[in-house]
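The chains referred to below are lettered A, B, ... by the order of the sequence lines, with proteins before strands, and numbering in each begins at 1.
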Number of protein chains: 2
Amino acid sequence: MISNTNKFKQLAEEKQSRIVNACISEFAENDYETASMNTVVNQAGISKGSLFNYFQSKSILYNHIYKLALREVKTYLRKVRDETAQLPFNERLSKIVDSGVQFIGEHPRLARIYFRLVYSGDSPNREKIVTELQAMSEEYLGNIIQDAMDRNELDPNLDKTQSVFFLDAVLNRFLKEYHEVMNQRSQDTFDKEEWIKGITKLFTKGLS
Amino acid sequence: MISNTNKFKQLAEEKQSRIVNACISEFAENDYETASMNTVVNQAGISKGSLFNYFQSKSILYNHIYKLALREVKTYLRKVRDETAQLPFNERLSKIVDSGVQFIGEHPRLARIYFRLVYSGDSPNREKIVTELQAMSEEYLGNIIQDAMDRNELDPNLDKTQSVFFLDAVLNRFLKEYHEVMNQRSQDTFDKEEWIKGITKLFTKGLS
DNA sequence: TGATAAATTGACCACCTGGTCAATAGTGCT
DNA sequence: AGCACTATTGACCAGGTGGTCAATTTATCA
């Protein structure tokens, strides 16, 4: 009774994933205000009443989907962080960028929801979520940079907050660009490796 | 008859600016889909019929406002570029960032429309506009970087496209952050000078 | 002043939105 | 089979949207 997403969790798996799928598509293609519950309902092949029975409101549904996307991203990031713990900064950074690229390839719709959320508009609780994401990035990239500082690969007097911010800015923007290129334009002219090299070079030199 | 914004341009100046003002506010506070023509009309103190007489559709109106904002930005950028042509790269970059900060202070609503457009959603012609903006940035920052390369302040073998992209990413993200901080949070904890220093350091070292 | 033309109005349109709830279908138990 | 309980449906609601156009006000000129 307290948590009403229980109603949803008690559904048959197949039905759950039909619904989740429809939601992901809709929230990937439209931003929050424009996404339509009617479309979700039709896509999922259930009635409107049911959807609002499982999730009391659009914003609650959005929250569910967003958290699901975030969980997926986090798993990915944690994995690559742990796998690269022993590598020097530049190689480590390369792997991180590369795993971002890979994630986008595997989960383009989740990536789109993520970028929509970070860069855009008016999702509910946007401020709270963005703050949360920033803290996450601060912690994640902060650790990477701290490790490199400890090994004297980077300037030990770095302003860590700033460095994280810059790194985050470039990584996010690059991945966003990559995502958009993948989605539409001629993918052949995009030399991924060359870009990853450029990014690592900028930061290994710029922060040393 | 061909260009129907003529109808608008022939209005009394005072009325024009009342309308433009209302539009800027509405498009700054909401993204394209959510912005309401009714609100514009009420704010401007004119009838709906009139507005649709001056601009045949919402998207045409949006285009008018966006171009106006862009013109303002361009003027600003051109000015600072010319004024700093003689300065070394790091000083020049500082001035550019600083002028961005200043622009945001003077035109917060235009800045907001700009960030909405670049980072977000579903404005009409978004792709075309973003491509246009990228070309603009490529040309603008490209020149700054080329000048510095010519003076041996930066690595003469730089990949210019990449360098511009990175610089653009950090500048835009920083200004967006600044804009958001100005709009809501405690402005006192934000040490602008320290950040500008950090940005110039990252790029003078990273691209040298 | 009166007639003609141009500008302005706002009630109205079809359509879509998130959300509701009485009615119906389905399930499990005796 | 009959009962009780739950899950599901979709017509329906109030409110908002971009856009229209006959009717009215305002400006122009003889």
Side-chain angles (χ1 to χ4, degrees), chain A residues 1-20 22-27 29-66 121-126, chain B residues 1-20 22-27 29-66 121-126:
Chain A
M1 267 300 171
I2 292 171
S3 168
N4 290 66
T5 58
N6 281 343
K7 283 181 194 163
F8 176 69
K9 280 173 193 157
Q10 264 141 33
L11 255 41
E13 294 250 350
E14 187 270 339
K15 199 172 200 174
Q16 279 190 42
S17 73
R18 241 190 310 138
I19 295 170
V20 165
C23 293
I24 290 179
S25 287
E26 186 63 9
F27 283 124
E29 280 161 28
N30 309 88
D31 49 31
Y32 179 74
E33 295 286 353
T34 319
S36 161
M37 300 296 261
N38 294 322
T39 307
V40 168
V41 149
N42 292 334
Q43 266 259 318
I46 60 171
S47 75
K48 208 167 178 178
S50 287
L51 185 58
F52 278 91
N53 187 26
Y54 309 143
F55 303 94
Q56 298 104 305
S57 71
K58 189 183 185 182
S59 78
I60 287 177
L61 172 57
Y62 178 79
N63 231 261
H64 184 81
I65 298 298
Y66 141 73
D122 303 301
S123 333
N125 313 317
R126 197 207 163 230
Chain B
M1 266 299 171
I2 292 171
S3 167
N4 290 66
T5 58
N6 281 343
K7 282 181 193 163
F8 176 70
K9 281 174 193 157
Q10 263 142 33
L11 256 42
E13 295 250 349
E14 185 271 337
K15 200 173 200 175
Q16 281 192 41
S17 73
R18 240 190 312 139
I19 294 171
V20 165
C23 292
I24 290 178
S25 287
E26 186 63 8
F27 283 124
E29 280 162 29
N30 308 88
D31 48 33
Y32 179 74
E33 294 287 352
T34 319
S36 162
M37 300 296 261
N38 294 323
T39 306
V40 168
V41 148
N42 292 335
Q43 266 258 319
I46 61 171
S47 76
K48 209 167 179 178
S50 287
L51 185 58
F52 278 90
N53 187 25
Y54 309 144
F55 304 93
Q56 298 104 305
S57 72
K58 189 183 184 180
S59 78
I60 288 177
L61 172 57
Y62 178 80
N63 230 261
H64 184 81
I65 298 299
Y66 142 73
D122 304 300
S123 334
N125 314 317
R126 197 206 164 233

Nucleotide C:dG26, atom C1' - distance to CG of A:N53 in whole Å
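About 15 Å, once rounded to whole Å.
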Tell me the interatomic distance from A:N42, atom CG, to D:dT9, atom P, rounded to whole angstroms.
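For the pair A:N42 CG and D:dT9 P, the rounded distance is 12 Å.
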Which nucleotide, D:dG18, C:dG18, D:dT9, lies nearest any side-chain atom of A:K58?
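So the nucleotide nearest the side chain must be C:dG18.
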D:dT8, C:dG18, C:dT8: which one has an atom nearest the side-chain heavy atoms of A:M37?
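The answer is C:dG18.
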Kindly assign one of parallel, tilted or perpendicular to the pair B:F8 and B:H64, based on the angle between their ring planes and the thresholds 30° and 60°.
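Geometry flag for B:H64 against B:F8: perpendicular rings.
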Among the nucleotides C:dT8, D:dG18, C:dG19, which one has an atom lying closest to any side-chain atom of A:F52?
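Of all the options, the side chain of A:F52 is nearest to C:dG19.
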Nearest whole Å is fine: how far is C:dG18 C1' from A:N30 CG?
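My rounded result for the distance is 15 Å.
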Provide, to the nearest angstrom, the distance between the CD atom belonging to B:E33 and the P atom belonging to C:dT17.
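Distance, rounded to whole Å: 11 Å.
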Which nucleotide, D:dT17, C:dT8, D:dG19, lies nearest any side-chain atom of B:S36?
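Of the candidates, D:dT17 comes closest.
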How many Å lie between CG on B:N38 and P on C:dA11, as a whole number?
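So the two atoms are 12 Å apart, to the nearest Å.
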I'd like a table of donor-acceptor pairs (distance under 3.5 Å, sequence neighbours excluded) in which one partner is a side-chain atom from residues 36-44 of chain B, with atom names and distances.
from	atom 1	to	atom 2	distance (Å)
B:S36	OG	B:N38	N	3.1
B:S36	OG	B:T39	N	3.2
B:S36	OG	B:T39	OG1	3.4
B:N38	OD1	B:K48	NZ	2.7
B:N42	ND2	B:N38	O	3.3

Nearest atoms (heavy-atom pairs only) where A:K9 meets A:Q16
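Smallest interatomic distance, heavy atoms only, reads O-NE2, 2.9 Å.
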Has B:Y54 got a side-chain N or O lying under 4.0 Å from the OP1 or OP2 atom of C:dT8?
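Checking C:dT8 against B:Y54, a side-chain N or O does come within under 4.0 Å of OP1 or OP2.
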Using the side-chain heavy atoms of A:K15, tell me which of these nucleotides is nearest: D:dT8, C:dG19, C:dT9.
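The closest nucleotide is D:dT8.
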Closest to side chain of A:K48, choosing from C:dT9, D:dG10, D:dT17:
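Nucleotide nearest to A:K48's side chain: D:dG10.
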Looking across every strand, which nucleic acid part, if any, lies under 4.0 Å from A:A35 by heavy atom: base, sugar-phosphate, or nothing?
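The residue A:A35 makes sugar-phosphate contact but no base contact.
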Considering only side-chain heavy atoms of A:S57, which listed nucleotide, C:dT8, C:dG19, D:dG18, is closest?
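The answer is C:dG19.
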Round to a whole Å and report the spacing from NZ of A:K7 to C1' of D:dT8.
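Interatomic distance, NZ of A:K7 to C1' of D:dT8: 12 Å.
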Round to the nearest Å and state the distance from A:L51 atom CG to D:dG10 atom P.
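One finds 14 Å between P of D:dG10 and CG of A:L51, rounded.
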For the side chain of B:S47, starting at C-beta, report the closest nucleotide among C:dT20, D:dT9, C:dT9.
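The answer is C:dT9.
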Protein-nucleotide distance (B:Y32, atom OH; D:dG18, atom P), rounded to Å:
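Spelled out: OH on B:Y32 to P on D:dG18 is 8 Å.
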Which atom of A:K7 lies closest to which atom of A:L11, heavy atoms considered
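Result for this residue pair: O-CD1, 3.4 Å.
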Identify the heavy atoms of B:K58 and B:Y32 that sit nearest to each other, and give their distance.
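Residues B:K58 and B:Y32, closest heavy atoms: NZ-O, 2.7 Å.
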